[in-house]
Amino acid sequence: MISNRELFLKNTAQTSNSPRLIEIERAEGSYLYGPEGQKYLDLVSGFNVSNIGHRHPKVIEAIKSQLDKYMHVTVYGEFVQAPQVKFATKLLEQLPSFFQSVYLTNSGAEAVEGAMKIAKKYTGRRQIIAAKKAYHGSTQGALSLIGNPAYQEAYAPLLPEIEFITFNDSNDLSQITTATAAVIVEAIQGEAGVRVPDMAYIKALRQRCTETGTLLVFDEIQTGFGRTGSMFAFQHFDIIPDILMLAKGIGGGMPLGAFVSSKEIMDVIKDNPMLGHITTFGGHPVSCAAALASLEVILEEKLIEGVADKAKLFKKELTHPKIKEIRGLGLMMCLQLENFDQVYNISKHCAEHGVMIDWYLHCETALRVAPPLTISNDEIIEACKTIKEAIDKFC
Ligand code: PLP
(Lines give C-alpha, C1' and ligand atoms only; values in the text may rest on other atoms or scores of the structure.)
Protein backbone atom coordinates (compact mmCIF):
# COMPACT_ATOMS: atom_id res chain seq x y z
CA MET A 1 0.00 0.00 0.00
CA ILE A 2 1.23 3.47 -0.83
CA SER A 3 2.17 5.30 2.37
CA ASN A 4 0.88 8.70 3.49
CA ARG A 5 4.45 9.94 3.19
CA GLU A 6 4.61 8.96 -0.47
CA LEU A 7 1.18 10.49 -1.15
CA PHE A 8 2.29 13.66 0.65
CA LEU A 9 5.28 13.97 -1.67
CA LYS A 10 3.31 13.00 -4.74
CA ASN A 11 -0.02 14.79 -4.33
CA THR A 12 0.44 17.78 -2.04
CA ALA A 13 2.34 20.89 -3.06
CA GLN A 14 5.77 21.07 -1.49
CA THR A 15 7.15 24.19 0.18
CA SER A 16 10.76 23.00 0.15
CA ASN A 17 12.94 20.27 -1.27
CA SER A 18 13.58 18.86 2.16
CA PRO A 19 10.34 18.59 4.16
CA ARG A 20 10.83 17.01 7.56
CA LEU A 21 8.29 14.27 6.71
CA ILE A 22 7.31 13.65 10.31
CA GLU A 23 3.89 12.10 10.28
CA ILE A 24 1.51 12.95 13.08
CA GLU A 25 -1.40 10.75 14.01
CA ARG A 26 -2.69 12.61 17.03
CA ALA A 27 -1.75 15.30 19.52
CA GLU A 28 -2.56 15.92 23.16
CA GLY A 29 -1.31 18.52 25.65
CA SER A 30 2.42 19.06 25.11
CA TYR A 31 2.85 16.00 22.89
CA LEU A 32 2.54 14.95 19.25
CA TYR A 33 2.24 11.26 18.42
CA GLY A 34 3.29 9.44 15.25
CA PRO A 35 1.67 6.39 13.64
CA GLU A 36 4.41 4.01 14.81
CA GLY A 37 4.16 4.98 18.45
CA GLN A 38 6.56 7.92 18.24
CA LYS A 39 6.04 10.55 20.93
CA TYR A 40 7.37 14.08 20.54
CA LEU A 41 7.44 16.76 23.20
CA ASP A 42 6.37 19.78 21.17
CA LEU A 43 8.63 22.82 21.58
CA VAL A 44 7.29 24.48 18.45
CA SER A 45 3.54 24.64 19.21
CA GLY A 46 2.70 24.48 15.51
CA PHE A 47 4.62 27.76 15.21
CA ASN A 48 3.17 29.62 18.19
CA VAL A 49 -0.36 28.29 17.72
CA SER A 50 -0.88 25.73 20.49
CA ASN A 51 -0.38 28.11 23.41
CA ILE A 52 -2.83 26.15 25.56
CA GLY A 53 -1.49 22.78 24.40
CA HIS A 54 -3.01 20.45 21.86
CA ARG A 55 -6.69 19.55 21.95
CA HIS A 56 -7.56 21.26 25.20
CA PRO A 57 -10.78 19.60 26.45
CA LYS A 58 -12.57 22.95 26.83
CA VAL A 59 -11.78 23.85 23.23
CA ILE A 60 -12.95 20.44 22.00
CA GLU A 61 -16.18 20.87 23.96
CA ALA A 62 -16.78 24.36 22.53
CA ILE A 63 -16.14 23.11 18.99
CA LYS A 64 -18.51 20.18 19.41
CA SER A 65 -21.20 22.37 20.87
CA GLN A 66 -20.91 24.85 17.98
CA LEU A 67 -20.93 22.01 15.43
CA ASP A 68 -24.30 20.98 16.81
CA LYS A 69 -25.66 24.49 16.10
CA TYR A 70 -24.21 25.68 12.79
CA MET A 71 -21.00 25.87 10.81
CA HIS A 72 -20.82 28.35 7.93
CA VAL A 73 -23.98 30.37 7.39
CA THR A 74 -22.96 33.44 5.42
CA VAL A 75 -20.07 35.76 4.58
CA TYR A 76 -18.46 37.72 7.40
CA GLY A 77 -20.23 40.84 8.56
CA GLU A 78 -23.84 40.25 7.57
CA PHE A 79 -25.61 37.94 10.02
CA VAL A 80 -25.25 38.18 13.78
CA GLN A 81 -23.27 35.09 14.74
CA ALA A 82 -23.00 34.64 18.50
CA PRO A 83 -19.56 32.96 18.50
CA GLN A 84 -18.04 35.95 16.63
CA VAL A 85 -19.75 38.50 18.85
CA LYS A 86 -18.87 36.74 22.09
CA PHE A 87 -15.26 36.23 21.11
CA ALA A 88 -14.80 39.82 19.90
CA THR A 89 -16.30 41.09 23.16
CA LYS A 90 -14.03 38.93 25.31
CA LEU A 91 -11.00 39.93 23.25
CA LEU A 92 -11.75 43.63 23.63
CA GLU A 93 -12.06 43.13 27.40
CA GLN A 94 -8.37 42.15 27.41
CA LEU A 95 -7.31 45.32 25.60
CA PRO A 96 -7.04 49.02 26.49
CA SER A 97 -10.24 50.99 25.80
CA PHE A 98 -8.68 52.49 22.63
CA PHE A 99 -9.44 49.15 20.94
CA GLN A 100 -13.13 49.01 20.17
CA SER A 101 -13.61 46.99 17.03
CA VAL A 102 -12.48 43.55 15.85
CA TYR A 103 -12.42 42.38 12.23
CA LEU A 104 -12.11 38.59 12.09
CA THR A 105 -10.13 36.86 9.35
CA ASN A 106 -9.00 33.34 8.42
CA SER A 107 -5.29 33.80 8.92
CA GLY A 108 -2.45 36.08 9.90
CA ALA A 109 -1.65 37.20 6.37
CA GLU A 110 -5.28 38.12 5.83
CA ALA A 111 -5.20 40.25 8.98
CA VAL A 112 -2.11 42.00 7.60
CA GLU A 113 -3.85 42.67 4.29
CA GLY A 114 -6.84 44.18 6.06
CA ALA A 115 -4.70 46.31 8.34
CA MET A 116 -2.78 47.73 5.37
CA LYS A 117 -6.04 48.61 3.65
CA ILE A 118 -7.58 50.45 6.57
CA ALA A 119 -4.33 52.29 7.29
CA LYS A 120 -4.24 53.59 3.73
CA LYS A 121 -7.89 54.52 3.68
CA TYR A 122 -7.90 56.15 7.12
CA THR A 123 -4.84 58.29 6.51
CA GLY A 124 -5.37 58.89 2.77
CA ARG A 125 -1.65 58.10 2.38
CA ARG A 126 0.08 55.42 0.34
CA GLN A 127 3.48 54.77 1.85
CA ILE A 128 3.95 51.91 4.30
CA ILE A 129 7.11 51.36 6.28
CA ALA A 130 8.13 47.92 7.46
CA ALA A 131 11.26 46.50 9.07
CA LYS A 132 14.12 44.63 7.50
CA LYS A 133 14.03 40.88 8.25
CA ALA A 134 10.32 41.07 9.07
CA TYR A 135 7.86 38.30 8.43
CA HIS A 136 4.18 39.12 8.02
CA GLY A 137 2.95 36.30 5.78
CA SER A 138 3.17 35.03 2.22
CA THR A 139 0.31 36.70 0.34
CA GLN A 140 1.48 39.38 -2.06
CA GLY A 141 0.64 42.33 0.21
CA ALA A 142 2.18 40.73 3.30
CA LEU A 143 5.16 39.58 1.22
CA SER A 144 5.73 43.20 0.19
CA LEU A 145 6.53 43.87 3.87
CA ILE A 146 9.03 41.06 4.31
CA GLY A 147 12.35 42.82 4.57
CA ASN A 148 14.32 40.10 2.82
CA PRO A 149 14.73 40.44 -0.97
CA ALA A 150 15.47 36.72 -1.39
CA TYR A 151 11.81 35.99 -0.73
CA GLN A 152 10.50 38.83 -2.88
CA GLU A 153 12.44 38.90 -6.14
CA ALA A 154 10.68 36.02 -7.90
CA TYR A 155 7.28 37.54 -7.15
CA ALA A 156 7.87 41.11 -8.25
CA PRO A 157 6.20 43.45 -8.78
CA LEU A 158 4.86 43.55 -5.25
CA LEU A 159 3.18 46.55 -3.62
CA PRO A 160 4.73 49.92 -4.44
CA GLU A 161 5.68 52.57 -1.90
CA ILE A 162 6.96 50.19 0.77
CA GLU A 163 10.10 51.36 2.56
CA PHE A 164 12.20 49.51 5.11
CA ILE A 165 13.78 50.58 8.35
CA THR A 166 16.18 48.66 10.57
CA PHE A 167 14.32 47.17 13.49
CA ASN A 168 15.33 48.56 16.87
CA ASP A 169 17.42 51.36 15.33
CA SER A 170 16.16 54.81 16.32
CA ASN A 171 18.33 56.45 13.66
CA ASP A 172 15.91 55.22 10.99
CA LEU A 173 12.81 56.73 12.58
CA SER A 174 13.29 59.97 10.62
CA GLN A 175 12.19 58.00 7.53
CA ILE A 176 8.68 58.08 8.97
CA THR A 177 7.07 61.27 7.67
CA THR A 178 3.67 62.85 7.09
CA ALA A 179 3.55 60.81 3.85
CA THR A 180 3.62 57.52 5.77
CA ALA A 181 0.27 55.77 6.23
CA ALA A 182 1.54 53.10 8.59
CA VAL A 183 4.56 51.57 10.18
CA ILE A 184 4.04 47.83 10.43
CA VAL A 185 6.32 45.96 12.81
CA GLU A 186 6.33 42.77 14.78
CA ALA A 187 6.24 43.47 18.51
CA ILE A 188 9.21 41.10 18.71
CA GLN A 189 10.75 40.04 15.42
CA GLY A 190 10.14 36.31 15.26
CA GLU A 191 11.55 34.91 12.05
CA ALA A 192 14.56 37.23 12.32
CA GLY A 193 15.56 34.98 15.24
CA VAL A 194 13.56 36.48 18.11
CA ARG A 195 14.80 40.06 18.28
CA VAL A 196 13.33 41.84 21.29
CA PRO A 197 13.36 45.61 20.78
CA ASP A 198 14.38 48.09 23.45
CA MET A 199 11.62 49.82 25.36
CA ALA A 200 13.14 53.20 24.41
CA TYR A 201 13.01 52.28 20.72
CA ILE A 202 9.35 51.27 20.81
CA LYS A 203 8.47 54.43 22.73
CA ALA A 204 10.35 56.57 20.20
CA LEU A 205 8.64 54.72 17.35
CA ARG A 206 5.25 55.37 18.94
CA GLN A 207 6.12 59.04 19.39
CA ARG A 208 7.33 59.47 15.81
CA CYS A 209 4.15 57.85 14.47
CA THR A 210 1.99 60.12 16.62
CA GLU A 211 3.93 63.24 15.52
CA THR A 212 3.55 62.40 11.83
CA GLY A 213 -0.05 61.12 11.98
CA THR A 214 1.17 57.66 10.96
CA LEU A 215 -0.63 54.59 12.24
CA LEU A 216 1.49 52.22 14.29
CA VAL A 217 0.50 48.67 13.39
CA PHE A 218 1.75 45.88 15.62
CA ASP A 219 1.99 42.36 14.33
CA GLU A 220 1.29 40.18 17.36
CA ILE A 221 0.59 37.10 15.31
CA GLN A 222 3.45 35.21 16.99
CA THR A 223 3.58 37.12 20.25
CA GLY A 224 -0.12 37.28 21.19
CA PHE A 225 -2.14 35.31 23.70
CA GLY A 226 0.35 35.00 26.51
CA ARG A 227 3.37 33.81 24.57
CA THR A 228 5.74 36.45 25.93
CA GLY A 229 4.43 36.56 29.49
CA SER A 230 1.74 39.18 28.98
CA MET A 231 -1.47 38.74 27.03
CA PHE A 232 0.02 40.88 24.24
CA ALA A 233 3.64 41.90 23.82
CA PHE A 234 2.85 45.61 23.37
CA GLN A 235 1.96 45.61 27.06
CA HIS A 236 5.65 45.10 27.90
CA PHE A 237 6.54 48.35 26.17
CA ASP A 238 4.01 50.66 27.78
CA ILE A 239 2.58 51.93 24.49
CA ILE A 240 -0.65 51.38 22.60
CA PRO A 241 -0.45 50.66 18.87
CA ASP A 242 -3.17 51.93 16.53
CA ILE A 243 -3.87 48.57 14.95
CA LEU A 244 -3.17 45.14 16.40
CA MET A 245 -2.91 42.11 14.13
CA LEU A 246 -3.54 38.67 15.62
CA ALA A 247 -3.69 35.03 14.49
CA LYS A 248 -1.92 31.75 15.36
CA GLY A 249 -2.54 31.34 19.13
CA ILE A 250 -5.89 33.10 18.85
CA GLY A 251 -7.93 30.05 17.90
CA GLY A 252 -6.86 27.33 20.32
CA GLY A 253 -5.66 25.32 17.31
CA MET A 254 -8.37 26.42 14.87
CA PRO A 255 -7.75 28.80 11.93
CA LEU A 256 -8.56 32.39 12.79
CA GLY A 257 -7.02 35.84 12.62
CA ALA A 258 -8.06 39.37 13.48
CA PHE A 259 -7.14 42.98 13.18
CA VAL A 260 -8.29 45.24 15.96
CA SER A 261 -8.44 49.00 16.22
CA SER A 262 -10.56 51.93 17.34
CA LYS A 263 -14.09 52.28 15.99
CA GLU A 264 -13.07 55.46 14.19
CA ILE A 265 -10.25 53.77 12.28
CA MET A 266 -12.12 50.54 11.61
CA ASP A 267 -15.23 52.32 10.35
CA VAL A 268 -13.45 53.55 7.21
CA ILE A 269 -13.97 50.17 5.55
CA LYS A 270 -17.73 50.11 5.79
CA ASP A 271 -18.50 52.49 2.94
CA ASN A 272 -17.09 54.18 -0.18
CA PRO A 273 -17.46 51.52 -1.46
CA MET A 274 -19.63 49.45 0.82
CA LEU A 275 -18.37 45.85 1.15
CA GLY A 276 -14.89 47.03 0.20
CA HIS A 277 -13.26 44.48 2.49
CA ILE A 278 -15.04 41.19 2.83
CA THR A 279 -14.25 37.53 3.49
CA THR A 280 -16.36 34.40 3.18
CA PHE A 281 -14.92 32.30 5.96
CA GLY A 282 -13.26 34.97 8.14
CA GLY A 283 -14.41 34.57 11.74
CA HIS A 284 -15.73 31.07 11.10
CA PRO A 285 -18.19 30.31 13.93
CA VAL A 286 -16.47 27.06 14.90
CA SER A 287 -13.08 28.82 15.04
CA CYS A 288 -14.59 31.65 17.09
CA ALA A 289 -16.15 29.20 19.55
CA ALA A 290 -12.71 27.59 19.91
CA ALA A 291 -11.06 31.01 20.27
CA LEU A 292 -13.40 32.05 23.06
CA ALA A 293 -12.81 28.79 24.91
CA SER A 294 -9.06 29.14 24.40
CA LEU A 295 -9.01 32.69 25.74
CA GLU A 296 -11.03 31.57 28.77
CA VAL A 297 -8.50 28.77 29.37
CA ILE A 298 -5.60 31.25 29.24
CA LEU A 299 -7.39 33.43 31.81
CA GLU A 300 -8.88 30.75 34.08
CA GLU A 301 -5.79 28.55 34.20
CA LYS A 302 -3.65 31.66 34.74
CA LEU A 303 -1.27 30.46 32.05
CA ILE A 304 0.41 33.84 31.64
CA GLU A 305 1.48 33.92 35.30
CA GLY A 306 3.64 30.81 34.76
CA VAL A 307 5.44 31.97 31.62
CA ALA A 308 8.34 33.92 33.16
CA ASP A 309 9.29 31.11 35.57
CA LYS A 310 9.13 28.50 32.81
CA ALA A 311 11.33 30.67 30.58
CA LYS A 312 13.78 31.02 33.47
CA LEU A 313 13.87 27.25 33.93
CA PHE A 314 14.60 26.79 30.21
CA LYS A 315 17.47 29.26 30.45
CA LYS A 316 18.87 27.55 33.54
CA GLU A 317 18.61 24.07 32.04
CA LEU A 318 20.06 25.17 28.71
CA THR A 319 23.34 26.44 30.05
CA HIS A 320 25.86 25.09 27.55
CA PRO A 321 29.14 26.55 26.27
CA LYS A 322 28.09 26.01 22.63
CA ILE A 323 24.90 28.06 22.97
CA LYS A 324 26.15 31.52 22.12
CA GLU A 325 23.03 33.33 23.28
CA ILE A 326 19.48 32.61 24.37
CA ARG A 327 17.26 35.43 23.09
CA GLY A 328 13.63 35.93 23.74
CA LEU A 329 10.84 37.05 25.96
CA GLY A 330 8.73 34.56 27.90
CA LEU A 331 8.26 31.32 26.01
CA MET A 332 9.27 32.78 22.65
CA MET A 333 12.92 31.77 22.66
CA CYS A 334 15.83 31.24 20.36
CA LEU A 335 19.11 29.42 20.97
CA GLN A 336 21.87 30.96 18.91
CA LEU A 337 24.34 28.44 17.49
CA GLU A 338 27.10 28.71 14.90
CA ASN A 339 25.68 27.41 11.63
CA PHE A 340 22.74 25.76 9.89
CA ASP A 341 24.32 22.29 9.85
CA GLN A 342 24.31 22.31 13.64
CA VAL A 343 20.72 23.55 13.74
CA TYR A 344 19.56 20.97 11.20
CA ASN A 345 21.34 18.04 12.84
CA ILE A 346 20.25 19.01 16.33
CA SER A 347 16.61 19.38 15.26
CA LYS A 348 16.77 15.99 13.54
CA HIS A 349 18.44 14.32 16.50
CA CYS A 350 15.95 15.86 18.92
CA ALA A 351 12.97 14.68 16.82
CA GLU A 352 14.47 11.17 16.72
CA HIS A 353 14.75 11.33 20.50
CA GLY A 354 11.27 12.68 21.13
CA VAL A 355 11.67 16.47 21.20
CA MET A 356 10.34 18.71 18.43
CA ILE A 357 12.30 21.89 17.76
CA ASP A 358 12.78 23.93 14.62
CA TRP A 359 14.51 27.04 13.27
CA TYR A 360 13.67 30.50 11.93
CA LEU A 361 13.05 31.68 8.38
CA HIS A 362 15.54 34.56 8.40
CA CYS A 363 17.88 33.09 11.01
CA GLU A 364 18.84 29.54 10.21
CA THR A 365 21.63 29.51 12.76
CA ALA A 366 19.26 29.50 15.73
CA LEU A 367 16.95 26.93 17.25
CA ARG A 368 13.29 27.79 17.79
CA VAL A 369 11.91 27.03 21.24
CA ALA A 370 8.28 28.01 21.77
CA PRO A 371 6.44 25.30 23.69
CA PRO A 372 2.81 25.34 24.77
CA LEU A 373 2.46 27.65 27.78
CA THR A 374 1.05 24.62 29.60
CA ILE A 375 4.37 22.75 29.46
CA SER A 376 5.32 21.35 32.88
CA ASN A 377 8.64 21.84 34.66
CA ASP A 378 9.43 18.13 34.29
CA GLU A 379 8.80 18.35 30.56
CA ILE A 380 11.08 21.38 30.31
CA ILE A 381 13.88 19.54 32.13
CA GLU A 382 13.40 16.46 29.91
CA ALA A 383 13.45 18.56 26.71
CA CYS A 384 16.55 20.51 27.72
CA LYS A 385 18.42 17.29 28.50
CA THR A 386 17.76 16.01 24.97
CA ILE A 387 18.73 19.35 23.40
CA LYS A 388 22.01 19.45 25.35
CA GLU A 389 22.82 15.85 24.35
CA ALA A 390 22.28 16.83 20.71
CA ILE A 391 24.46 19.92 21.12
CA ASP A 392 27.22 17.77 22.64
CA LYS A 393 27.00 15.50 19.61
CA PHE A 394 26.85 18.07 16.82
CA CYS A 395 28.65 21.21 18.01
N1 PLP B 1 3.02 37.62 11.00
C2 PLP B 1 3.90 36.89 11.68
C3 PLP B 1 4.78 37.56 12.68
C4 PLP B 1 4.02 35.53 11.45
O5 PLP B 1 4.91 34.80 12.12
C6 PLP B 1 3.16 34.93 10.49
C7 PLP B 1 3.25 33.48 10.22
O8 PLP B 1 4.19 32.81 10.53
C9 PLP B 1 2.24 35.72 9.80
C10 PLP B 1 2.20 37.07 10.08
C11 PLP B 1 1.34 35.13 8.77
O12 PLP B 1 0.36 34.34 9.37
P13 PLP B 1 -0.36 33.19 8.53
O14 PLP B 1 0.64 32.13 8.26
O15 PLP B 1 -1.50 32.76 9.42
O16 PLP B 1 -0.85 33.83 7.28
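As the structure is a computational prediction, the values presented were derived from the model and not from experiment. Ligands are counted one by one from 1 in listed order, and the atoms in each one are counted from 1 as well.
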If we number the atoms of ligand 1 from 1 as shown, the ones under 4.0 Å from a heavy atom of G137 are 9 (C), 10 (C), 11 (C)
Assess, by modelled atom type and distance only, whether the side chains of Q100 and S262 contain a donor and an acceptor separated by less than 3.5 Å.
no
Does E191 come within less than 4.0 Å of R368, counting only side-chain N to carboxylate O?
yes
Determine whether the aromatic ring centres of Y76 and H284 lie less than 6.0 Å apart.
no
Would you say ligand 1 has an N or O under 3.5 Å from any N or O of D219?
yes
Backbone of T74 reached by a side-chain donor or acceptor of E78 within 3.5 Å
no
Atom 3 (C) of ligand 1: nearest protein contact (heavy atom, Å)
Y135 O, 3.2 Å
Does K248 come within less than 4.0 Å of ligand 1, judged by its heavy atoms?
yes
Should you measure from each heavy atom of A109, which atoms of ligand 1 turn up under 4.0 Å away?
11 (C), 12 (O), 13 (P), 16 (O)
Atom 8 (O) of ligand 1 touched by protein heavy atom at under 4.0 Å
yes
Decide whether an N or O pair under 3.5 Å exists between E110 and ligand 1.
no
Less than 4.5 Å apart, any side-chain heavy atom of Y33 and any of I24?
no
Taking atom 5 (O) of ligand 1 as the reference point, the nearest protein heavy atom with its distance
Q222 NE2, 2.9 Å
Mind checking whether F47 contacts ligand 1 via backbone (N, CA, C, O), side chain (CB onward), both or neither, at a 4.0 Å heavy-atom cut-off?
neither
Backbone or side-chain N or O of I221 under 3.5 Å from ligand 1 N or O
no
Result for side chain to side chain contact (heavy atoms under 4.5 Å, CB included) between K270 and one of D267, N272, V268 points to D267
Using distance alone, decide if ligand 1 has a nitrogen or oxygen within less than 3.5 Å of any nitrogen or oxygen in E191.
no
Subset of ligand 1 atoms that lie under 4.0 Å from at least one heavy atom of G108:
12 (O), 13 (P), 15 (O), 16 (O)
Assess K39 against Y31: is NZ or CZ under 6.0 Å from the centre of the six-membered ring, and within 45 degrees of the ring's axis?
yes
If you measure from CD1 on I375 to CG on D42, what distance do you get to the nearest 0.5 Å?
8.5 Å
